[in-house]
There are 2 protein chains.
Amino acid sequence: MKLTSKGRYAVMALADLARFDNISPVSLRDISLRQGISLDYLEQIFSKLRKKEIVQSVRGTQGGYILNRKAREIKLTNIFDAVDEKVKTLQCKKESKKGCNGKSTKCLTHNLWDELENHINNFFDKKSLDDLVKSNFERKF
Amino acid sequence: MKLTSKGRYAVMALADLARFDNISPVSLRDISLRQGISLDYLEQIFSKLRKKEIVQSVRGTQGGYILNRKAREIKLTNIFDAVDEKVKTLQCKKESKKGCNGKSTKCLTHNLWDELENHINNFFDKKSLDDLVKSNFERKF
DNA sequence: GGAATACTTGACTATTTTAGTCAAGTTTAT
DNA sequence: ATAAACTTGACTAAAATAGTCAAGTATTCC
Ligand code: FES
Ligand code: FES
C-alpha cells in the first residue's frame, strides 16, 4: 500500500500555496522550484484542483493560483478526491452483493478491508490544510 | 493508495486455513478452489509465510499447511511483513535527514505522511487472524 | 515399490499503473 | 507587443503488479 506522487504532490503544493493565502497568487513555477515538482506535472494536478473548486486561477503576468476556500475548510479528503487519489482496499464492488471471488457471498476478508478503508478515510476527513500549515509554522520555533 | 493482491490473498488464505487450525493440514489446492486464487500464486505466497514461520508445511499425501502459532498471536502486521506488503507513505528515507526534494530539511508534508503511516500500522497491529475468524463465524447467526 | 499428492524453487512475462514529458495553444498585466 | 502564466490533450518510458510456467523433491498410501 503506498501513497502515489499525485496525491503527495497535490497536498505538498497546496501546503506551499496556503502559506500565501490571501496575500497574492502563487505561480506554479514558484511552487515547482520550491518543492522540486515538475512544472508540467503540477499543471495537470492544478487543472483538477481547479475543476473541483479547491483553487482559483489568476491569469496573466503576476498570475497564479489562490485558494478558493478557507484553509480550515479544505480537508485532505477533498484534495485526494479532486486528483483521484482514492483509497481502495476492497477488490469487489461495494454496492454489489457478489464477492470478489465471483461467488454470491462476500469473501472472508471483505469486512476487514472495509474497516481498514474507513479507518484510513477517517484520518483524511480530520486533517485540513490549515492543520498542516500550522504544524509547519510551529516547527520553526 | 490501494491494497495489493499479494497482501489481500495472504490474509484471505490464512483466514481460510485458520478455520481448520489444529484439525488437519489444509492443502493449497483446497484454498485455491475455495477462495478462487491461482495455485501457483498461492505457492509463492506460502513460501514466504513459511520462511517467516507463520505456517508450517506438511509434505506428502494429505499434506498441506498448518499455522505455526496461535491465531490470536498472528497479527496482520506479521502477515504483511512476511509477504512484503508494506505501507509506504513517505517519499524520503525515514532515517536520512534529507528531504524528499533533495533539500537538507524535511518537506512540508513529511510529518503528515509519517502520522498517516502510523495510523494505518496501528490498525494492522491490532487485528489478529483470530479476530477475523471469529467475526466470520458470528456472521453466520 | 510405485503412483499420486503436494510442497519447493526459480525464472519468466503480460498487463496495468505511475509519473511524468511534450506540444500547441489562450489569456492578461504591463 | 511581449512575456508571464494558465489550459488542454495526447503521448510515453519505466516501474510495479499479478500472475504463469517449468522442473524438481518429499511423503504417504496402497
Ligand atoms: S473484498 Fe469484497 S468480497 Fe472480497
Ligand atoms: S516525505 Fe519525507 S521529506 Fe518529504
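Just so we're on the same page: letters track the sequence lines, and every chain starts at 1.
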Legend entry - Lys/Arg-Asp/Glu bridge criterion (N-O < 4.0 Å) met for B:Glu117, B:Lys88: no

Legend entry - Note: B:Lys48-B:Asp84 ion pair, threshold 4.0 Å (strictly below): yes

Legend entry - Short N-O contact, A:Arg72 and A:Asp131, less than 4.0 angstrom: no

Inset, instruction - Let me know, please, whether B:Gly60 or A:Ser47 comes out on the 5' side of the other along DNA chain D by nearest nucleotide. - result: A:Ser47

Legend entry - 5' priority, DNA chain C, between A:Leu39 and B:Thr61 [closest heavy atom]: B:Thr61

Inset, instruction - Look at the side chain of B:Arg59 and the base of C:dT5, then say whether one donor and one acceptor between them are separated by less than 3.5 Å. - result: no

Inset, instruction - Please give the angle, rounded to 10 degrees, between the axes at the start and the end of the helix from C:dG1-D:dC30 to C:dT30-D:dA1, where five pairs define each axis. - result: 10°

Legend entry - Residue-phosphate contact under 4.0 Å: B:Ser38 side-chain N/O, D:dA18 OP1/OP2: no

Legend entry - Electrostatic pair A:Lys70:A:Asp130 at N-O distance under 4.0 angstrom: no

Inset, instruction - Could you tell me the separation between the OH atom of B:Tyr41 and the P atom of C:dT13, rounded to a whole number of Å? - result: 18 Å

Inset, instruction - Let me know the distance between CG of B:Leu33 and P of C:dA6, rounded to the nearest Å. - result: 11 Å

Legend entry - Salt-bridge present (B:Lys94, B:Asp114; N to O < 4.0 Å): yes

Legend entry - Under-4.0 Å side-chain N/O to phosphate OP1/OP2 contact, B:Tyr9 with D:dG19: yes

Legend entry - Closest to the A:Tyr65 side chain, choosing from D:dC6, C:dC7, D:dG19: D:dC6

Legend entry - Protein-nucleotide distance (B:Arg50, atom CZ; C:dT9, atom C1'), rounded to Å: 10 Å

Legend entry - First encountered from the 5' end of DNA chain C, between A:Leu3 and A:Gln62: A:Leu3

Legend entry - Length of the NZ-P vector between B:Lys48 and D:dT17, whole Å: 11 Å

Inset, instruction - Give the nucleotide from the list C:dT8, D:dT17, D:dC6 with an atom nearest to the side chain of B:Thr4. - result: D:dT17

Legend entry - Rounded interatomic separation in angstrom, taking CZ from B:Arg29 and P from C:dT8: 18 Å

Legend entry - Whole-Å gap separating P (D:dT20) and CG (B:Leu42): 10 Å

Inset, instruction - State plainly whether the residues B:Glu53 and B:Arg69 are in salt-bridge range, i.e. N to O under 4.0 Å. - result: no

Legend entry - Interatomic distance where CD belongs to A:Gln91 and P belongs to C:dT16 [whole Å]: 14 Å

Legend entry - Integer-rounded Å distance: D:dT25 C1' and B:Glu43 CD: 13 Å

Inset, instruction - Kindly say if B:Ser27 contacts the phosphate of C:dC7, meaning a side-chain N or O under 4.0 Å from OP1 or OP2. - result: no

Inset, instruction - Indicate whether OP1 or OP2 belonging to C:dA6 is found under 4.0 Å from a side-chain N or O atom of B:Ser57. - result: no

Inset, instruction - Any chance you could lay out the side chain to side chain donor-acceptor pair (under 3.5 Å) test for A:Gln56 and A:Arg50, step after step, and finish with the verdict? - result: CA-CA 6 Å; A:Gln56 262 188 3; A:Arg50 194 179 61 81; over 6 Å; no

Inset, instruction - Evaluate the ring planes of B:Tyr41 and B:Tyr9, with Trp represented by its six-membered ring, and classify them as parallel (under 30°), tilted (30 to 60°) or perpendicular (over 60°). - result: perpendicular

Legend entry - Nucleotide nearest A:Gln44 (side chain, heavy atoms from C-beta), chosen from C:dT17, D:dA10, C:dT8: D:dA10

